[in-house]
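Comments concern the structure below.
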Amino acid sequence: MKNSAALRVVGQDTASEITAAVEINDFHVWFDEAPVLRGISLALQKHRINCIIGPSGSGKSTLIRSLNRMNDDVEGYSFKGSIHFDGEPILRKSVNVATLRTDIGMVFQKPCVFPKSIAENVLFGVQYVKKLSRQERLHLVEANLKAVSLWKEVSHRLHDRAGSLSIGQQQRLCIARTLAVKPKVILLDEPTSSLDPVSTRAIEDLMLELRQEYTIVFVTHNIQQAQRVADQLVFMCNGGVIEQGPKQKLFGNPENEQTRKYLNEEYCDC
Amino acid sequence: MNRSLLNKLFVFTTVTAAGICCAVLLFMMAVITAKGLRALDFEFLFTASRDFGAAGGIFYQIVGSLLLVVFAALICFPLALGTAIFKSEYLKNGHMQRLCAVLVYGLNGVPSVIFGVFGLIFFVNVLGTRISWFVGSIILAIMILPTVVLAAFHSINSIPQSYRESASALGLGKWQVIVKVLLPQGIAGSITGLFLGLARAVGETAPIMFIATAFSGVGIPGSFFEPVTALPTHILALTHQAINQQALQNAWGASLVLISLVTIFSTLGLWSRMKLKTMSLR
Ligand SMILES: Nc1ncnc2c1ncn2[C@@H]1O[C@H](COP(=O)(O)OP(=O)(O)OP(=O)(O)O)[C@@H](O)[C@H]1O
Ligand SMILES: [Mg+2]
């Protein structure tokens with residue numbers, strides 16, 4: 001692992017086994033010429049919960065939406081810099097965006113289930129689903145609903161409308177739907193901000209479990225939540241990264257005064 | 001004048017206006033029903049007309065009208081869906097979208113007789129199709145296209161952006177998003193527009209009288225390029241012989257059947273819209 005960004009983040013950790021899944025290098029974004037991200041360099045680590053925090057409007061969503069190129073469709077979007085996923089550059093024009101998005105899945109702030117059955121929602125993104133046998137489909141549905149601990153609650157009503165689930169259940173269904181396309185990285189943009197505390201805990205527990213197999217990039221502006229689930233913490237402000245590192249370091253002994261203030265929920269004028 | 005008096009005056013005016021509208025409609029329906037019912041029986045509905053309509057029934061006119069609008073629907077539906085999807089998904093530029101809307105509204109404003117004349121010149125004279133029910137269907141399809149396009153466009157446009165984003169974040173390509181997310185909703189919306197369009201098309205005389213219909217003497221067409229008889233043109237022909245009591249009686253009967261068809265299509269349109277509403281509320 002020669003990449004300097006990765007080494008810088010890893011620090012004195014057990015450097016040999018931890019590698020970066022996503023490397024961002026001097027990445028800038030403009031919306032209609034207005035700068036939104038200003039030279040971000042980051043390494044997001046494999047099989048870790050990489051948590052991005054920062055005040056509203058600091059560019060967290062813009063950053064993670066760049067990782068699966070959701071911003072491509074936004075009018076007025078332009079960028080500079082590079083992002084590599086598993087060593088491959090992903091911002092090139094030649095990259096197949098649809099394939100990239102099956103590798104880097106995304107879960108949004110508000111659960112958005114399709115007006116179909118629960119089972120159909122799980123299979124929604126699975127390509128070639130028509131070629132699978134009934135048995136194989138059922139197996140996929142079961143496995144992915146189990147992975148988000150939703151199987152017990154819904155196994156008897158897989159053909160009910162997904163809209164009949166509670167909002168918390170819907171969000172877990174959205175995660176199951178993302179898992180079903182077998183991504184390596186899962187991006188979650190404030191996935192719990194429309195949920196009640198119990199559902200929020202369920203999602204947090206789920207993330208802790210999922211990191212065994214997936215790389216997780218998680219945006220929140222809830223500092224307690226970051227403390228509960230993060231492995232690595234990135235503090236963003238005004239389109240730039242102020243500080244990044246292991247959670248313990250940022251909470252315990254931050255290098256930057258703004259980081260300390262923000263994490264202690266004091267007034268922070270960044 | 002004090003405020004409450006003004007208020008009462010306003011209420012009175014609106015109630016009167018609404019009352020006049022309803023009264024005219026009800027009066028017309030009542031007359032047509034009363035007069036039409038006298039002509040209407042099983043035989044009238046299921047036998048061919050004789051004596052230029054003065055005798056016999058209107059079986060082939062009903063068949064002809066239904067044939068015209070069913071094929072108009074089949075032609076119009078995919079065109080309208082395609083236009084609506086093109087407009088909402090590919091014309092990202094605001095100016096182009098507005099231009100497209102203006103064109104569609106413009107088409108809606110064209111008087112129906114112009115469609116008839118256009119069909120006569122373009123299809124019958126230039127392309128040499130001769131008088132043909134299929135050309136009539138094409139012209140009716142073009143005529144109701146705006147209604148259906150607008151309905152489809154509204155329903156596709158009302159799909160929240162989050163559905164598109166969620167689908168494309170799962171790795172669905174643009175085409176797959178269109179087929180799996182937009183089309184189902186667009187189809188539901190177009191069906192409403194289609195029925196409302198058909199309600200209008202089935203009663204139109206001017207667009208089809210030069211190009212698609214004969215006044216008498218034809219049955220069920222054997223090919224795409226033969227004329228049919230249709231209800232509105234039949235009614236027109238019957239009223240030309242108004243001195244004949246039997247012909248007039250039959251005109252009332254045919255009018256009642258035509259009005260019923262319009263009502264059925266409109267009701268289906270409203271019903272499908274209600275269904276659609278409950279669908280989007282889930
Ligand atoms: N589509 C867009 N067009 C123009 N400006 C945008 C667009 N999306 C975001 N921005 C701007 O980019 C900046 C960063 O927005 P972003 O949504 O990334 O912030 P955020 O950190 O996710 O905030 P929040 O915590 O409120 O979600 C904001 O100033 C916002 O106004
Ligand atoms: Mg955001």
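Every chain is numbered from 1 and lettered A, B, ... according to where its sequence line falls, protein lines coming before strand lines.
Proximity to chain B involves both the backbone and the side chain of A:R177, based on heavy atoms less than 4.5 angstrom apart.
Across B:G171 and A:Q127, no two heavy atoms sit closer than the pair O-NE2, 3.6 Å. Contact detail for B:L170 and A:V181: the closest heavy-atom pair is O-CG1, 3.9 Å.
Atom OG in B:S166 sits 10.0 Å away from atom CE in A:M106 (nearest 0.5 Å). Expressed to the nearest 0.5 Å, how far CG of B:L172 lies from OG1 of A:T102 amounts to 10.5 Å. The line from CZ of A:R101 to OG of B:S168 is 5.0 Å long, rounded to the nearest 0.5 Å. Distance check, rounded to the nearest 0.5 Å: CG of A:D73 to NZ of B:K174 gives 7.5 Å.
The local environment of NE2 in B:H95 is sparse, with at most 12 non-hydrogen atoms from other residues, nucleotides or ligands closer than 6.0 Å. Sparse packing is recorded around OH of B:Y105, with 12 or fewer heavy atoms of other residues, nucleotides or ligands lying under 6.0 Å away. The number of heavy-atom neighbours closer than 6.0 Å to CD of A:Q135, taken from other residues, nucleotides and ligands shown, is 12 or below.
With hydrogens and angles disregarded, a donor-acceptor distance shorter than 3.5 Å links the side chain of B:K180 to the backbone of A:F124.
Two residues are said to be in side-chain contact when any heavy atoms from C-beta on lie closer than 4.5 Å; B:Y163 and A:V113 fail this criterion.
The candidate from B:Q176, B:E165, B:R164 with the greatest count of non-hydrogen atom pairs under 4.5 Å with chain A is B:E165. If you tally non-hydrogen atom pairs under 4.5 Å between each of A:A98, A:C174, A:P183 and chain B, the highest count goes to A:A98.
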